[in-house]
Amino acid sequence: VPSHDTHARSVMNNVEKIVRAYPEYHDYLRNKYGSLNKAIKGIQKGAMFHDIGKYFTLAYRAPDGRPTYYGHDEIGAEKIREIGERMKLSNEEIDTISFCCKYHMQRWKIPEMSKSKSAKFILDPMYKYLREVCYADEMSRLYKADEKRFREIDGIAAKIHAEYQGKAALEEKIKALFTGVYRDWE
């Protein structure tokens with residue numbers, strides 16, 4: 001897979017541009033990694049390995065001989081565990097990179113997912129890393145990034161986060177009625 005190295009480098013280079021372009025994630029990333037620069041390096045690791053499964057799934061389609069990589073996302077998620085251990089990455093780094101490998105093809109399917117499935121996916125704490133890796137991946141392709149589709153998915157994610165936060169606050173208030181334990185409410 002000779003073009004993978006070039007693609008992976010391009011994706012990694014795009015990560016910093018993307019992270020810096022979305023300041024709404026900066027506080028989260030600083031809290032998670034300790035600094036924005038550490039966050040960028042962490043996301044770049046996910047970007048570097050997101051297509052690693054292509055090395056293990058390369059096949060050629062008949063009759064035109066075009067390459068295919070069916071299942072590269074699942075295989076990559078498994079292989080990164082072995083690779084990460086050899087590289088002495090932390091369990092958290094391995095989990096994050098594995099998540100990015102496994103789901104980098106799924107993010108584009110969010111508009112077709114059921115509401116509960118998309119909510120479970122989007123509310124996963126690792127989704128924020130995946131978002132950046134997917135956007136960097138999309139920007140690095142030879143054709144133009146599908147900005148409209150990306151914004152559509154971000155819109156769905158924002159609605160799910162807003163709805164979830166509202167439900168969580170309501171559940172907390174209801175729980176307080178039964179337990180007598182109240183937190184500061186606005």
Side-chain angles (χ1 to χ4, degrees), residues 7 11 14-15 18-19 21-29 31-33 39 42-43 45-54 56-57 59 61 68-81 84 91-141 143-178 183 185-186:
H7 172 67
V11 175
N14 286 329
V15 166
I18 292 163
V19 169
Y22 291 93
E24 62 268 25
Y25 290 122
H26 290 183
D27 286 342
Y28 174 83
L29 293 171
N31 289 337
K32 181 75 175 162
Y33 282 100
I43 295 167
K45 286 178 185 172
M48 179 170 60
F49 290 112
H50 79 281
D51 276 340
I52 197 74
K54 286 185 175 183
F56 305 98
T57 58
R61 185 172 54 183
T68 63
Y69 308 99
Y70 298 118
H72 80 280
D73 43 357
E74 295 280 341
I75 298 295
E78 293 171 17
K79 293 293 184 182
I80 197 57
R81 297 208 170 274
N91 288 338
E92 185 177 7
E93 287 176 306
I94 292 170
D95 289 345
T96 301
I97 295 167
S98 179
F99 185 88
C100 291
C101 285
K102 185 173 183 176
Y103 294 111
H104 77 277
M105 301 297 290
Q106 294 296 314
R107 184 174 191 278
W108 301 108
K109 298 176 184 175
I110 287 174
E112 290 81 38
M113 290 179 184
S114 69
K115 188 173 181 181
S116 62
K117 185 174 181 178
S118 63
K120 183 178 179 188
F121 186 54
I122 289 167
L123 294 171
D124 188 297
M126 293 196 197
Y127 176 81
K128 289 182 181 181
Y129 305 110
L130 177 69
R131 180 201 180 277
E132 307 307 332
V133 169
C134 288
Y135 195 33
D137 185 27
E138 181 77 1
M139 285 180 59
S140 71
R141 298 183 191 280
Y143 53 87
K144 188 174 176 163
D146 189 347
E147 192 72 27
K148 183 179 176 187
R149 178 78 164 180
F150 204 83
R151 296 289 171 223
E152 174 189 9
I153 294 168
D154 277 353
I156 292 168
K159 286 179 187 174
I160 286 172
H161 278 287
E163 184 177 323
Y164 175 78
Q165 288 171 347
K167 283 182 181 178
L170 180 60
E171 287 172 5
E172 188 67 34
K173 289 178 183 179
I174 292 169
K175 184 178 172 184
L177 292 173
F178 291 100
R183 295 194 178 166
W185 298 332
E186 291 183 21

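Computed from a predicted model, the values in this text were never measured in an experiment.
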Inset, instruction - Could you tell me whether the side chains of His104 and Asp137 share a donor-acceptor contact shorter than 3.5 Å? - result: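 The answer is no; no qualifying pair exists.
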So how far is it from [X] [atom1] to [Y] [atom2], rounded to the nearest 0.5 Å?
{"X": "Met48", "Y": "Cys100", "atom1": "CE", "atom2": "SG", "value": "12.0 Å"}
{"X": "Phe99", "Y": "Tyr129", "atom1": "CZ", "atom2": "OH", "value": "11.0 Å"}
{"X": "Thr96", "Y": "Lys128", "atom1": "OG1", "atom2": "NZ", "value": "13.5 Å"}
{"X": "Ile80", "Y": "Phe49", "atom1": "CD1", "atom2": "CZ", "value": "4.5 Å"}
{"X": "Tyr70", "Y": "Lys54", "atom1": "OH", "atom2": "NZ", "value": "12.0 Å"}
{"X": "Ser98", "Y": "Glu74", "atom1": "OG", "atom2": "CD", "value": "9.0 Å"}

Can you sort out the partners of [X] under salt bridge (charged side-chain N to carboxylate O under 4.0 Å, His left out), two or more places apart, ordered by chain and number?
{"X": "Glu78", "result": "none"}
{"X": "Arg81", "result": "Asp95"}
{"X": "Arg151", "result": "Glu147, Asp154"}

> Between Glu163 and Lys115, does a side chain to side chain contact (heavy atoms under 4.5 Å, CB included) hold up when you go through it step by step?
Replying inline: CA-CA 11 Å; Glu163 184 177 323; Lys115 188 173 181 181; 2.9 Å; yes
*Kindly determine whether Leu130 and Phe121 satisfy side chain to side chain contact (heavy atoms under 4.5 Å, CB included), including the steps that lead there.*
CA-CA 11 Å; Leu130 177 69; Phe121 186 54; 3.5 Å; yes
**Report entry** Partners meeting side chain to side chain donor-acceptor pair (under 3.5 Å) with Tyr127 (sequence neighbours left out)
**Finding:**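 With sequence neighbours excluded, Tyr127 shows a side chain to side chain donor-acceptor pair (under 3.5 Å) to Arg107, given in chain and number order.
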task: Mind checking side chain to side chain donor-acceptor pair (under 3.5 Å) for Glu92 and listing every partner two or more places apart, or none if nothing turns up?
output: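 Once residues adjacent in sequence are excluded, the partners of Glu92 under the side chain to side chain donor-acceptor pair (under 3.5 Å) criterion are Lys32.
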Restricting to non-hydrogen atoms, name the atom on [X] and the atom on [Y] that form the minimum distance, rounded to 0.1 Å.
{"X": "Cys101", "Y": "Ala77", "value": "CB-N, 3.7 Å"}
{"X": "Ile75", "Y": "Phe56", "value": "CG2-CB, 3.7 Å"}
{"X": "Ile110", "Y": "Ser118", "value": "CG2-CB, 4.0 Å"}

Practice prompt. Determine whether the aromatic ring centres of Trp108 and Tyr103 lie less than 6.0 Å apart.
Written response: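 Ring-ring flag for Trp108/Tyr103: false, centres at least 6.0 Å apart.
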Report task. Could you tell me which residues satisfy side chain to side chain contact (heavy atoms under 4.5 Å, CB included) with Ser114, sequence neighbours excluded, listed by chain and number? Result ->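 Partners of Ser114 by the side chain to side chain contact (heavy atoms under 4.5 Å, CB included) criterion, ordered by chain and then number, come out as Ser116, Lys117.
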> Any sub-3.5 Å donor-acceptor pair from His50's side-chain atoms to Ala47's backbone N or O?
Replying inline: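 At least one qualifying donor-acceptor pair exists.
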**Message:** For Lys45, is there an ion pair with Glu132 - N to carboxylate O distance below 4.0 angstrom?
**Reply:**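 Between Lys45 and Glu132 there is no salt bridge, as every charged N stays at least 4.0 Å from the carboxylate O atoms.
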More than 12 heavy atoms from other groups under 6.0 Å of OH on Tyr164
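Incorrect, the count does not exceed 12.
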